[in-house]
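Written below as structure tokens is the structure these notes are about.
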Number of protein chains: 2
Amino acid sequence: MVRKSKEDAELTRKRIITAAREVFLSRGVSRTTLEHIATQANVTRGAIYWHFKNKTEIFHAIREQVLLPLIDRMDDSLTLDGNEDPLTQIEKSLCQTIDELNDNIEMRETYEIIMIKCEYVEDFSEVLQQILDNCSSILDKLVLGYQRAQAQNLLSCTLSPLALAQDTHLFFSGLLHMWVKDADGSRFRNQAKTLIQSHMNLRRKH
Amino acid sequence: MVRKSKEDAELTRKRIITAAREVFLSRGVSRTTLEHIATQANVTRGAIYWHFKNKTEIFHAIREQVLLPLIDRMDDSLTLDGNEDPLTQIEKSLCQTIDELNDNIEMRETYEIIMIKCEYVEDFSEVLQQILDNCSSILDKLVLGYQRAQAQNLLSCTLSPLALAQDTHLFFSGLLHMWVKDADGSRFRNQAKTLIQSHMNLRRKH
DNA sequence: ATATATACATACATTCTTGTTTGTATATAA
DNA sequence: TTATATACAAACAAGAATGTATGTATATAT
């Protein structure tokens with residue numbers, strides 16, 4: 001049998017994406033061949049070429065599958081003003097992302113691939129720009145949070161909301177990178193939340 | 001003519017390293033072949049195989065050429081207690097690294113390769129451990145600085161020196177990553193020092 | 001019921017890479 | 001001065017990896 005129903009086809013597509021994520025993770029993006037992915041997915045390269053133009057397109061599919069939902073959640077948790085104070089809100093939002101990394105295998109693997117199993121050249125260099133754009137949008141949300149904190153007189157210092165947001169953003173970028181690299185968890189993964197708490201306490205009045 | 005003097009041979013070795021750095025930067029480590037490097041260095045693969053076992057060894061040579069001196073300088077500027085106060089000392093040390101990245105082409109290119117043009121799998125996964133070890137040593141130096149700052153009652157908050165050092169370390173890691181990704185300089189490179197200043201001001205009393 | 005497009009598998013041709021082997025001119029040591 | 005090791009260049013062999021072309025069974029539309 002060859003021809004599958006539409007649902008079956010969509011299923012193979014997803015199998016290919018999952019397989020690619022697994023192989024990318026263990027072999028790195030550049031070193032994995034379409035044959036590797038095909039074997040892992042129990043299909044032939046024919047199937048892959050049917051669903052995707054090339055390896056780069058699979059990479060983008062993996063990214064979208066995980067990143068698009070994440071951005072939405074990040075947006076929500078930083079924009080919605082609940083009944084928490086702004087600083088707690090920021091803290092919870094950061095912690096929530098760490099929780100996601102811990103709980104969501106696909107997200108964790110995707111992050112790991114993006115950060116340390118991929119070379120940003122040629123086709124992939126545009127991803128860098130996307131990452132920077134992404135950062136800008138997160139930064140904007142943080143600025144809003146700190147502005148509200150300032151308005152409510154919650155801040156321990158006179159730094160501008162922008163400066164605080166930039167500092168938090170860089171802190172969190174560093175944390176994510178270290179989180180990924182710290183495979184055994186001893187240095188960063190296990191104490192990520194404590195680090196976030198300290199970071200936020202530094203800007204809390206009193 | 002084929003056989004060169006020892007000095008000439010050492011010179012070709014360096015030419016190969018420089019060529020490799022340049023090609024790694026533009027094509028990524030995985031996608032560059034030894035032929036690429038040879039062409040760039042105006043030698044044949046024979047010369048490369050004479051001086052290095054394989055591509056991985058060239059990568060390590062590039063890393064050592066830049067990283068070993070850096071670690072020494074970092075050690076010095078954080079360990080030596082000059083006549084500055086500890087917080088200023090930390091700030092200057094961080095700024096100095098940024099200056100180095102701006103001024104030293106080899107260092108800048110090497111950092112870029114290590115951070116976004118290299119996949120940490122197989123032979124390269126051990127580099128991750130080295131990076132983490134490196135971080136530990138920098139963290140230790142920062143802790144010492146903050147301990148002295150605390151002893152001199154310079155700190156604005158009650159956070160432990162360790163917590164402050166971890167926060168600074170993560171901030172600086174994030175900054176370096178963004179510095180590298182921000183090729184056009186608009187978002188991070190041009191204001192790196194301001195960001196460092198803000199970061200340190202956050203912990204200064206007064 | 002039949003035609004057609006779909007969802008692949010299989011086979012093929014071509015190009016890249018790598019590692020090794022062989023050759024060789026010449027510094028250098030003895 | 002001669003022998004030997006050095007510092008490469010050039011040639012060779014073999015295997016990967018890619019993209020495409022072709023084959024084909026079967027959903028699905030008509």
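Each chain gets a letter, A, B and so on, in the order its sequence line appears, and its residues count up from 1. Predicted model only: the values in this text are computed from it and were never measured.
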Item to check | Closest non-hydrogen atom pair, B:Leu175 against B:Ala192 | outcome: CD2-O, 4.2 Å
Checklist entry - Whole-Å distance between D:dA16 C1' and A:Arg31 CZ? => result 14 Å
Checklist entry - Between B:Gly46 and B:Glu7, which is nearer to the 5' end of DNA chain C once each is assigned its nearest nucleotide? => result B:Gly46
Item to check | Candidate nucleotides D:dT20, D:dA17, D:dA7, ranked by approach to the side chain of B:Lys6 - the nearest | outcome: D:dA7
Checklist entry - Between A:Glu35 and A:Thr33, does any side-chain donor sit less than 3.5 Å from a side-chain acceptor? => result no
Item to check | Among C:dT28, D:dA7, C:dA11, the nucleotide that comes nearest once only the side chain of B:Ser5 is considered | outcome: C:dT28
Next on the checklist: Is it the case that atom NZ in B:Lys92 sees more than 12 heavy atoms from other parts of the structure closer than 6.0 Å?
Outcome noted: no
Next on the checklist: Between B:Asp133 and A:Arg187, does any NZ, NE, NH1 or NH2 come within less than 4.0 Å of an OD or OE carboxylate oxygen?
Outcome noted: yes
Item to check | Rounded distance (Å) that lies between atom P of C:dA27 and atom CD of B:Glu10 | outcome: 18 Å
Checklist entry - Which nucleotide in the list D:dA9, D:dC12, D:dT18 gets nearest to the side chain of B:Thr44? => result D:dA9
Checklist outcome for this item: A:Asn42 atom CG is separated from C:dC8 atom C1', nearest whole Å, by 14 Å
Checklist outcome for this item: When A:Arg45 and B:Ser30 are each assigned the nearest nucleotide of DNA chain C, the 5'-most assignment goes to A:Arg45
Item to check | Gap between atoms NZ and P, on A:Lys53 and D:dT18 respectively (whole Å) | outcome: 15 Å
Item to check | Minimum-distance nucleotide (side-chain atoms of A:Tyr49 versus D:dG19, C:dT18, D:dC8) | outcome: D:dG19
Item to check | Nearest-nucleotide pick for A:Ala9, side chain only, options being C:dA7, C:dT17, D:dG19 | outcome: C:dA7
Next on the checklist: Can you see if the side chain of B:Thr12 gets near the phosphate of D:dA7 - specifically, an N or O under 4.0 Å from OP1 or OP2?
Outcome noted: no
Item to check | B:Asn54 CG - C:dT20 P separation (whole Å) | outcome: 10 Å
Next on the checklist: Can you see if the side chain of A:His51 gets near the phosphate of C:dA7 - specifically, an N or O under 4.0 Å from OP1 or OP2?
Outcome noted: no
Checklist entry - Atom CG of B:Leu34 to atom C1' of D:dA10: distance rounded to whole Å? => result 16 Å
Item to check | Distance, rounded to the nearest Å, where B:Ile37 contributes CD1 and D:dC8 contributes C1' | outcome: 17 Å
Item to check | Closest to the A:Trp50 side chain, choosing from C:dA11, D:dA10, C:dT6 | outcome: C:dT6
Checklist entry - Is B:Arg203 reaching over with its side chain to a backbone N or O of B:Leu164, donor-acceptor style, under 3.5 angstrom? => result yes
Item to check | Distance, rounded to the nearest Å, where B:Asp8 contributes CG and C:dA27 contributes P | outcome: 9 Å
